[in-house]
Amino acid sequence: MPELPEVETVRRGLEPAMAGVRIKAAEVRRADLRFPFPDRFASRLEGRTVTGLSRRAKYLLADLDDGAVLVMHLGMSGAFRVETEDEVRMPGAFHHARSKAAAHDHVVLHLSGGATVTYNDPRRFGFMTLIPRAELEDHRFFRDLGVEPVGNRLDAAYLAEALEGRFMPLKAALLDQKIIAGLGNIYVCEALNRARLSPRREAGTIVTARGRASVRAERLVTAVRDVIAEAIEAGGSSLRDYTRADGSLGYFQHRFRVYDREGEPCPTQGCRGIVSRIVQSGRSTFFCPVCQR
DNA sequence: CGCATCCCCTGCCTGC
DNA sequence: TGCAGGCAGGGGATGC
């Protein structure tokens with residue numbers, strides 16, 4: 001279910017359970033998710049201490065005390081479930097199922113202190129792998145990633161330079177992880193509505209003839225930053241739900257302006273448009289044809 | 001190189 | 001009630 005704000009919410013949910021904690025045992029219940037697990041994956045995790053949990057774009061990164069990084073991606077349907085000792089209360093019996101294993105529980109980490117962290121992913125578009133810390137930046141997953149949407153490096157000048165001369169639809173440009181890393185279908189739709197820019201506009205047209213950032217670029221950057229920051233805030237407020245056994249993240253607690261709102265009134269102040277749905281590169285786009293130009 | 005299309009997989013919703 | 005079809009938040013591979 002995750003775009004960047006959800007991944008950040010997951011990170012915040014996992015951090016108290018995992019940071020500084022040793023992995024006593026790892027159960028890996030199938031040979032692959034999206035990709036095969038690396039050789040000896042489970043045994044390479046066992047005995048390691050997690051020294052920190054961070055995030056880059058939609059990747060979760062658990063630093064291990066042997067210099068490797070456990071890289072985790074949730075794909076479309078990945079979720080973690082944390083069960084603490086209190087909830088399980090089966091001391092000395094971590095190899096027994098404590099809460100029932102749910103369908104699609106693929107990886108279970110048994111942590112020192114008694115908690116378990118379970119990765120569940122019905123569609124299996126997610127993956128986990130191990131990469132040496134020193135090689136992370138040059139790894140194919142990371143080397144081409146663009147800037148974080150909430151961070152100092154995203155500004156109108158950056159966006160103008162990235163989009164200058166590009167003819168692809170603005171929506172496609174925003175989904176391009178090489179430009180801004182971590183935006184997904186929902187928040188791109190949301191940001192474009194806030195910025196009152198059409199998803200169909202040629203990306204290069206938010207740049208002035210001299211290659212400078214335009215007012216449109218400024219509006220877009222502000223919208224991207226705001227929508228992501230607010231969503232992280234909203235996700236953070238649902239952290240309590242996260243640790244519950246059902247693993248729900250409160251994702252739909254977040255009210256979207258246009259996403260999945262075909263036929264509803266555009267929320268832009270003073271706009272009388274109706275949200276419409278189109279398909280761009282095979283995926284749904286929701287936008288207001290009246291105020292988004 | 002830039003861009004579009006297809007595909008991996010399961011689950012859920014809709015309509016017949 | 002069953003079943004087929006469409007759709008889903010990601011992103012990599014392929015091909016023009």
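So you know, we letter chains A, B, ... as the sequences are listed, proteins then strands, and number each from 1.
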Does the distance from a Lys or Arg side-chain N to an Asp or Glu carboxylate O, for [X] and [Y], drop under 4.0 Å?
X: A:D65; Y: A:R48; answer: yes
X: A:E190; Y: A:R194; answer: no
X: A:R56; Y: A:E148; answer: yes

When we call it a touch if two heavy atoms are under 4.0 Å apart, what does A:P5 touch: a base, just sugar-phosphate, or nothing?
nothing
Segment of DNA chain B, first to last nucleotide, that comes within the 4.0 Å heavy-atom reach of chain A:
B:dC3 to B:dG11
Closest approach of [X] to [Y] (non-hydrogen atoms, all atoms of both residues):
X: A:R283; Y: A:N185; value: NH2-CB, 3.9 Å
X: A:L70; Y: A:M128; value: CD1-CB, 4.3 Å
X: A:L45; Y: A:I23; value: O-CB, 3.5 Å

Give me each pair satisfying ring-ring contact (aromatic ring centres under 6.0 Å, His included) with a member in residues 263-288 of chain A, each pair once, sequence neighbours excluded.
A:Y259-A:F286
Taking atom [atom1] in both [N] and [M], what distance in whole Å separates the two?
N: C:dG6; M: B:dC6; atom1: P; answer: 14 Å
N: C:dG12; M: B:dG11; atom1: C1'; answer: 23 Å
N: C:dG11; M: B:dC12; atom1: P; answer: 23 Å
N: C:dC3; M: B:dC9; atom1: P; answer: 23 Å

Contiguous pairing runs of three or more, Watson-Crick or G-U under 3.5 Å, that involve DNA chain C:
B:2-8 with C:10-16, B:10-16 with C:2-8
Do A:R225 side-chain atoms and A:G151 backbone N/O form a donor-acceptor pair below 3.5 Å?
yes
Who are the ring-ring contact (aromatic ring centres under 6.0 Å, His included) partners of A:Y59, not counting sequence neighbours?
A:H73, A:F141, A:F142
Base, backbone or nothing for each nucleotide of nucleotides 10-16 of chain C, written B, S, -, heavy atoms under 4.0 angstrom, 5' to 3'?
BBS----
State whether a side-chain donor-acceptor pair under 3.5 Å links A:K171 with A:T285.
yes
Can you list the residues that meet the salt bridge (Lys or Arg N to Asp or Glu O under 4.0 Å) rule with A:R30, with sequence neighbours excluded?
A:D32
